[in-house]
Amino acid sequence: MEHIRTPKVENVRLVDRVSPKKAALGTLYLTATHVIFVENTPDTRKETWILHSQISTIEKQATTVTGCPLLIRCKNFQIIQLIIPQERDCHDVYISLIRLARPVKYEELYCFSFNPMLDKEEREQGWMLIDLSEEYKRMGLPNNYWQLSDVNRDYRVCDSYPTELYVPKSATAHIIVGSSKFRSRRRFPALSYYYKENHASICRSSQPLSGFSARCLEDEQMLQVIRKANPGSDFIYVVDTRPKLNAMANRAAGKGYENEDNYSNIKFQFIGIENIHVMRNSLQKMLEVCELKSPSMSDFLWGLENSGWLRHIKAIMDAGIFIAKAVAEEGASVLVHCSDGWDRTAQVCSVASLLLDPHYRTLRGFMVLIEKDWISFGHKFNHRYGNLDGDPKEISPVIDQFIECVWQLMEQFPCAFEFNERFLIHIQHHIYSCQFGNFLCNSQKERRELKIQERTYSLWAHLWKNRADYLNPLFRADHSQTQGSLHLPTTPCNFTYKFWSGMYNRFEKGMQPRQSVTDYLMAVKEETQQLEEELEALVERLEKIQKVQLNDTKVKSKQSEPSRHSGFSTSDNSTANTPQDYSGNMKSFPSRSPSQGDEDSALILTQDNLKSSDPDLSANSDQESGVEDLSCRSPSGGEHAPSEDSGKDRDSDEAVFLTA
Amino acid sequence: MEFSELIRTGRAQAQLLRGPEAPPLRGTLCVTGHHLLLSPGPQSTPDLWLLLLRSVDSIEKRVAGDSGTIILRCKDLRVLQLEIEGVEATLDIARSIEALSSLESVITSFPFFYRPKGLRLGDAWHFLPPERYYKRVARETDAWRLSEVNEDFSLCPSYPRAVIVPRAVDDDALARSARFRQGGRFPVLSYHHAPSGTVLLRSSQPLTGPQKRRCAEDEELLRAVLAGARPGARGFILDTRSAQAAKQARMTGGGTEAKAAYPHWKRLHRPLERGRPLQESFVRLVEACGDPEQSMDRWLSRLEGCRWLAHVKEALSTACLVAQAMEREGACILVHGAEGTDSTLLVTSLAQLILDPMSRTMAGFQELIEREWIQAGHPFQLRCAHSAFSHARPKHEAPTFLLFLDCVWQLGRQFPLSLEFGEGLLLALFEHAYASPFGTFLCNSEKERCLCEVRTRTHSLWSGLNQPKEQRKLRNPLYVLNPLAIWPSVEPQSLRLWQGLFLRWTHPPEPAEVAWEKVWQIVTGREETEGSQPTASA
């Protein structure tokens with residue numbers, strides 16, 4: 001609280017990003033957790049809530065006659081532009097937000113004050129929803145080859161690893177500890193995924209400290225026991241997900257990669273995924289393209305190309321595909337590492353698991369996957385997503401890229417995933433929101449020390465409770481395409497990597513498809529189910545009646561027919577009802593953006609209403625907007641008329657009448 | 001002329017490769033007057049593979065040893081490879097295909113011989129689009145009349161017999177206006193937007209020429225349009241050429257409406273690509289999509305270099321501008337470019353899809369195409385003579401109609417519940433526009449179709465498409481009537497490459513088909529429930 005210099009500023013304008021002339025007048029509030037803008041319009045009093053933890057950058061722009069503009073960019077890709085009348089107020093807001101957006105203690109984060117009105121028992125149950133020991137059991141472990149190791153009890157060997165780890169049965173504590181000493185941050189090879197169909201496994205670690213010539217007997221033994229844990233194959237792949245040049249540079253620092261001569265029966269492979277700094281810059285460049293005002297097709301495609309973003313996504317996918325194929329088709333185990341083994345390694349292991357195992361393509365399985373490869377294996381959420389004030393060079397959209405890989409797969413295989421796009425978007429939102437404790441800190445050790453589970457709530461329970469919103473109606477658990485591993489076409493398919501406007505432009509509703517197939521189909525499904533139940537009940541009743549009144553043939557069963565379509569069709573229509581700015585550079589016709597503001601209200605995170613903590617409210621939430629916007633944008637007058645060349649055209653004065 | 005003269009060889013043994021997904025087919029290859037047949041022998045199924053020769057766009061032959069290879073690139077963008085035994089046979093077959101696939105005579109084309117079971121000649125030709133549409137307009141307003149001034153096609157060879165014109169303008173005045181417009185295409189009604197009381201007209205450019213001529217009747221016609229619309233209505237003349245191009249057209253006798261001559265009409269210029277540049281864009285895109293070596297690094301810039309998506313964006317935004325001016329500004333719009341048979345129709349038909357819920361139904365869309373493309377004189381035969389693979393120097397080819405279909409696809413992607421038809425119909429229209437056993441897309445104008453007796457001697461595509469067995473492929477099971485205008489986003493982020501068309505044969509559409517099946521299952525499963533309600537089970 002002491003950081004809030006001014007809790008309330010009046011007569012602030014919230015600028016519509018798309019049609020800047022249209023701005024809502026209202027009051028700005030700063031609270032301990034949110035920036036809140038409340039419109040003055042008496043009947044709606046629309047509210048825009050922004051969590052401090054979502055704020056990525058705040059920019060104070062040059063003062064104009066109308067006031068002092070403040071631009072807030074959020075980590076969930078929302079952009080808010082405010083105009084504050086007094087320079088001094090603006091400065092106060094700016095200084096306050098700078099501080100509020102960069103908390104220095106975990107206790108300042110929203111999850112420690114967020115209270116969804118659940119009792120202690122419910123909270124504990126929520127944290128138990130996703131259980132990794134269950135997951136390893138599901139994989140078929142422990143078995144003859146793999147066992148649970150307690151070597152990392154109390155984080156004695158590696159403080160960024162979890163305490164419960166699976167290693168080959170023949171990996172003795174001596175081998176593990178020896179190997180850990182030869183690996184960056186002591187992240188020794190441990191099991192990430194076990195493919196029970198053929199005993200092949202995916203293991204992960206950090207880079208070896210090989211330098212130019214160093215060797216470690218235990219590390220070599222470690223790789224050997226991993227190979228032997230898969231009797232079906234006489235070699236293992238070692239996949240270094242870095243570009244070769246980066247890996248070689250690391251050798252000078254005493255790190256590096258495995259020398260094939262020293263390890264028996266390994267096949268070493270580089271897969272060039274760039275480092276976090278390259279990825280951070282790439283995202284930055286892509287977001288600049290997204291922010292362009294009315295870009296031409298060329299501006300957009302060139303910008304997207306130059307950002308390199310989709311190329312990086314493809315590199316991650318390619319690595320995942322390589323590993324999945326090695327495991328499923330060659331039956332070979334794979335050891336994956338990058339430098340520290342917590343960024344690219346997490347991406348690649350989870351993509352490969354997702355390709356291999358249909359379980360991870362279900363709602364619950366996907367949560368398990370994130371819990372396993374990201375949370376438990378010490379992906380540095382705090383550093384990467386800047387939850388606490390820290391080194392900006394540590395920030396990088398690592399898990400964002402993984403989430404996008406999943407979306408790209410969903411686009412290619414519309415029936416293979418039990419969950420929908422909204423599920424991914426909400427997970428992304430909450431990784432940054434710090435509303436739930438799941439993604440706090442950099443490791444399991446830190447989370448335990450902080451007693452996260454006793455002091456915060458689990459996102460997984462929240463998502464699970466609302467799972468109806470996240471289901472993909474097209475999911476076909478029964479279909480050959482969705483069973484087993486996903487078969488990607490063998491031909492290189494660059495065309496299939498698309499720009500995800502549903503994520504990066506998600507607050508510009510006008511750019512998204514205006515009608516949701518997912519919601520429509522879910523509604524149809526639900527209705528079908530209701531009707532079927534009704535039918536069943538009626539049949540039952542009928543049978544009863546028939547039994548009782550055997551003679552009476554006149555049974556009238558009146559089917560109460562719920563009014564079909566009425567529920568969803570109309571709402572879809574109204575969202576369609578606003579044109580955008582089609583006149584290009586000419587300021588003539590009023591511009592687009594139906595519902596920029598509505599997503600704002602979607603961000604409402606009230607403490608007493610858990611439901612509304614969703615990053616966006618239900619799909620129809622913006623139905624009024626169409627109507628509301630109409631009035632504001634009703635085009636006026638011909639002086640707007642687009643490009644006319646009347647000035648140049650003087651021909652008419654001397655025109656000759658044609659008598660045809 | 002006898003086809004047999006062009007057939008060099010009757011048959012040969014061959015193997016057919018149909019791309020990565022389909023299994024190869026082996027059997028006896030046979031060239032007939034209109035088809036290439038491959039008969040795999042009596043015991044196998046499917047028993048016959050058939051390709052309409054008209055759909056071959058380019059042919060490439062290679063011989064090596066005692067066998068040869070023929071690569072057929074089809075107008076629907078499919079690439080087929082035939083491995084043929086015997087060098088002589090290969091060359092003969094290649095020559096036969098070359099000769100037969102490029103026959104120009106309309107009345108010997110396959111539609112004149114095609115007699116499918118279950119269809120009757122003359123069916124579904126009953127559309128008299130202008131007349132039918134006039135009935136609807138007449139219910140909405142009495143400011144318009146149906147004129148048969150073009151009964152014998154003498155006024156305008158590319159217009160149908162009947163056109164809808166302002167009631168206040170008589171046929172003589174129309175005739176004079178026609179003489180003032182290129183190709184006789186005087187302004188006619190394209191669409192009446194009842195809610196706003198405004199109209200959409202189309203024409204060709206006025207023949208002002210370097211002397212800046214005027215035509216009183218043409219001016220009167222446009223005055224009458226505004227007088228018949230809602231009171232105080234203004235008009236926009238949307239020229240699909242740049243201001244400069246329009247001015248230059250004066251040198252060759254064309255031009256634009258002079259400002260002083262048409263008070264209350266304002267001119268806008270929205271340059272849309274047409275003709276050869278558009279064709280080249282299409283060719284480049286198909287080339288890029290078929291390039292297996294394409295690496296991710298360069299894909300987006302290559303896509304940009306094709307310019308196709310830029311054309312989609314321009315066409316859609318121009319149509320939106322028109323629709324917006326009508327619905328929001330209450331303005332009447334006249335659209336024309338030069339001839340008024342290409343980008344003009346693109347804009348008027350798209351604007352109608354945006355505004356008119358009727359045109360988004362299955363029947364309404366077919367009527368729209370019939371009225372705004374076929375009857376309106378889009379020269380299909382010239383424009384679709386070749387697709388993207390032809391090595392021949394393009395003469396009149398241009399994928400304007402394909403661009404229209406792509407824009408419709410984009411609309412359908414942004415409003416997945418608002419079109420009654422699905423991607424399947426758009427793909428079918430693309431295929432049939434370029435090569436078809438049906439007569440619907442034959443010829444360049446209604447006049448030519450009458451001369452060739454297309455209506456009585458060929459089957460209508462619509463009767464083929466409207467058969468019950470085709471519906472699952474063509475309809476959109478998600479359709480719910482949307483009574484409002486649909487305003488698409490034309491931001492680059494919202495437009496996508498039409499994968500289902502451009503990558504149809506190189507990129508297996510199987511997952512999408514599985515999804516489509518599932519959609520049908522969800523929606524029709526519900527219909528089954530409806531059907532089996534126990535109303536009379538006692």
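Within every chain, numbering begins at 1; the chains are lettered A, B, ... in the order of the sequence lines, protein sequences first and strands thereafter. Hydrogens, waters and symmetry mates play no part in the numbers below; they use all other heavy atoms, side chains included.
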Side chain / backbone / both / neither for A/E411 at chain B, heavy atoms under 4.5 Å: side chain
Pairing of A/E305 and B/R302 as salt bridge, 4.0 angstrom limit: no
B/S494 side-chain N/O to A/M511 backbone N/O, donor-acceptor pair under 3.5 Å: yes
A/E291 atom CD, neighbour heavy-atom count above 12 within 6.0 Å: yes
Heavy-atom side-chain contact between B/S489 and A/R514 under 4.5 Å: yes
From CG (B/L300) to CH2 (A/W302), nearest 0.5 Å: 10.0 Å
Pairing of A/R476 and B/E517 as salt bridge, 4.0 angstrom limit: yes
Chain A contact via B/E314 - side chain, backbone, both or neither, heavy atoms under 4.5 Å: neither
Shortest non-hydrogen contact between B/V519 and A/L474, atoms and distance: CG2-CD2, 3.4 Å
Any residue of residues 305-312 of chain B which, by heavy atoms, sits under 4.5 Å from chain A: B/R307, B/L309, B/A310
pair A/L310-B/W299: side-chain heavy atoms closer than 4.5 Å: no
Pair A/S294, B/E491: side-chain N/O donor-acceptor within cut-off below 3.5 Å: no
Top of B/A331, B/C289, B/G255 for chain A proximity - count of heavy-atom pairs under 4.5 angstrom: B/C289
Nearest heavy atoms of B/A515 and A/C415, plus distance in Å: CA-SG, 3.3 Å
Side chain to side chain contact (heavy atoms under 4.5 Å, CB included) evaluation trace for A/L521 with B/L478: CA-CA 8 Å; A/L521 287 177; B/L478 302 169; 3.5 Å; yes
Shortest non-hydrogen contact between B/I522 and A/P473, atoms and distance: CD1-O, 3.3 Å
Least distance between heavy atoms, A/Q515 atom then B/N482 atom: NE2-ND2, 3.7 Å
Proximity breakdown for B/L497 and chain A, heavy-atom pairs closer than 4.5 Å: neither
side-chain contact (heavy atoms from CB on, under 4.5 Å) involving B/E220 - partner list, sequence neighbours excluded: B/R223, B/A224
Intermediate values then yes/no, side chain to side chain contact (heavy atoms under 4.5 Å, CB included), B/E304 and A/M297: CA-CA 7 Å; B/E304 192 277 324; A/M297 196 47 100; over 6 Å; no
Smallest separation among heavy atoms of B/Q493 and A/P295, with atom names: OE1-CG, 4.3 Å
